[in-house]
Engineer: 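Please find one structure pasted underneath; my questions will follow.
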Amino acid sequence: MKMLLPGLLAVLLGACASAPQKSVVKNDTLYQRLGGAPGVEAVVDASLRHVHGDLRINIFFENSDLADLRRLLIEQICAATGGPCTYTGRSMEESHSGMNLTDKDFDAFVEDLIAAMTEVKVSPELQQEVLALFGPMRPQVVGQ
Ligand code: HEM
């Protein structure tokens with residue numbers, strides 16, 4: 001028995017060490033896996049920082065109400081990833097109407113989003129899931 005106890009303890013401790021820190025299971029929404037509200041807010045804040053410093057596209061945002069844009073982007077990402085939010089902004093066509101955005105502008109915006117997600121340590125797998133939601137919006141954003 002004396003010999004068995006250390007072995008048993010080692011097995012039990014091993015099981016604890018390999019258990020996930022947070023209960024992140026496969027059925028969690030993308031919103032939950034991004035870290036809920038603080039996670040989405042971190043992605044949006046870093047994205048706006050990257051866009052702001054991006055000479056290719058920051059001119060488009062010079063007359064925008066950035067606090068309002070932040071709020072709407074958070075709502076939009078939260079809703080699209082299965083979070084408990086309702087997007088209250090305008091349609092993508094309407095929001096970008098008159099800007100005549102090109103594919104290049106869109107690519108720059110996506111690059112900034114990727115850089116932002118990398119900065120706030122969103123895993124490459126989750127980044128792909130986010131991009132799969134927003135990439136298809138290209139036709140609603142470009143050329144409006
Ligand atoms: C999938 C890509 C994009 C998404 C999901 C997105 C999302 C949004 C949202 C939610 C709004 C606010 C809507 C509202 O005012 O009701 C908005 C506004 C805006 N977007 Fe985008 N956007 C995208 C791409 C782009 C790109 C590529 C640019 C420019 C390079 C851009 C520039 C702007 C600007 C300047 C505004 C503010 C318009 C204003 O001040 O009235 N967006 N976008």
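None of these values were measured; they are calculated from a predicted model. Whatever order the structure lists them in is the order used to number ligands and atoms, beginning at 1. For the single chain, residues carry numbers from 1 onward in sequence order.
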Engineer: Below 4.5 Å, heavy atoms only, C-beta onward: do Y87 and C78 meet side chain to side chain?
Structural biologist: no
Engineer: Distance under 4.0 Å to a non-hydrogen atom of L72: what atoms of ligand 1 satisfy this?
Structural biologist: 12 (C), 13 (C), 14 (C), 15 (O), 16 (O)
Engineer: Do the side chains of V130 and V43 get nearer than 4.5 Å, heavy atoms only?
Structural biologist: no
Engineer: Using heavy-atom distances, let me know which of G89, S97, S95, S64 sits nearest atom 13 (C) of ligand 1.
Structural biologist: S95
Engineer: Applying a strict 4.0 Å limit to heavy atoms, is M92 in contact with ligand 1?
Structural biologist: yes
Engineer: Would you mind running through ligand 1 and noting each atom that sits below 4.0 Å from a heavy atom of I57?
Structural biologist: 30 (C)
Engineer: Given Q140, R70, H96, M137, which has its nearest heavy atom closest to atom 31 (C) of ligand 1?
Structural biologist: H96
Engineer: I need the nearest protein heavy-atom contact for atom 29 (C) of ligand 1: residue, atom name and distance, please.
Structural biologist: L101 CD2, 3.5 Å
Engineer: If the cut-off is 4.0 Å to any non-hydrogen atom of L69, which atoms of ligand 1 fall inside it?
Structural biologist: 11 (C), 12 (C), 17 (C), 18 (C), 19 (C)
Engineer: For Q76, counting its heavy atoms only, list the atoms of ligand 1 lying under 4.0 Å from any of them.
Structural biologist: 5 (C), 7 (C), 10 (C)
Engineer: Taking only heavy atoms of V141 into account, list the atoms of ligand 1 that are under 4.0 Å away from them.
Structural biologist: 24 (C), 25 (C)
Engineer: What are the two closest heavy atoms between H52 and N58, and how far apart are they?
Structural biologist: O-ND2, 2.9 Å
Engineer: So, for D105 and N100, which heavy atoms are closest and what is the spacing to 0.1 Å?
Structural biologist: OD2-O, 4.5 Å
Engineer: Closest heavy-atom contact between P84 and Y31?
Structural biologist: CD-CE2, 3.4 Å
Engineer: Taking all heavy atoms of F60 and all of M99, pick out the closest pair and write down the distance.
Structural biologist: CE2-O, 3.8 Å
Engineer: Who gets closest to atom 2 (C) of ligand 1 by heavy atom: F60, F106, F134?
Structural biologist: F106
Engineer: Look at atom 3 (C) of ligand 1 and say which protein heavy atom is nearest, naming residue and atom and giving the distance to 0.1 Å.
Structural biologist: F109 CE2, 3.5 Å
Engineer: Where is the tightest heavy-atom contact between A108 and R56, given as atom of each residue plus distance?
Structural biologist: CB-CZ, 3.7 Å
Engineer: Under 4.0 Å, counting heavy atoms only: does M99 come that close to any atom of ligand 1?
Structural biologist: yes
Engineer: For atom 15 (O) of ligand 1, what is the closest protein heavy atom, and at what distance to 0.1 Å?
Structural biologist: R90 NH2, 2.9 Å
Engineer: To check your reading of the model: name the closest protein heavy atom to atom 32 (C) of ligand 1, its residue, and the distance in Å.
Structural biologist: F61 CZ, 3.2 Å
Engineer: If you measure from the Lys or Arg side-chain nitrogens to the Asp or Glu carboxylate oxygens, is any gap between D107 and K104 under 4.0 Å?
Structural biologist: no
Engineer: With side chains defined as the heavy atoms from C-beta onward, is the minimum distance between V120 and D45 less than 4.5 Å?
Structural biologist: no
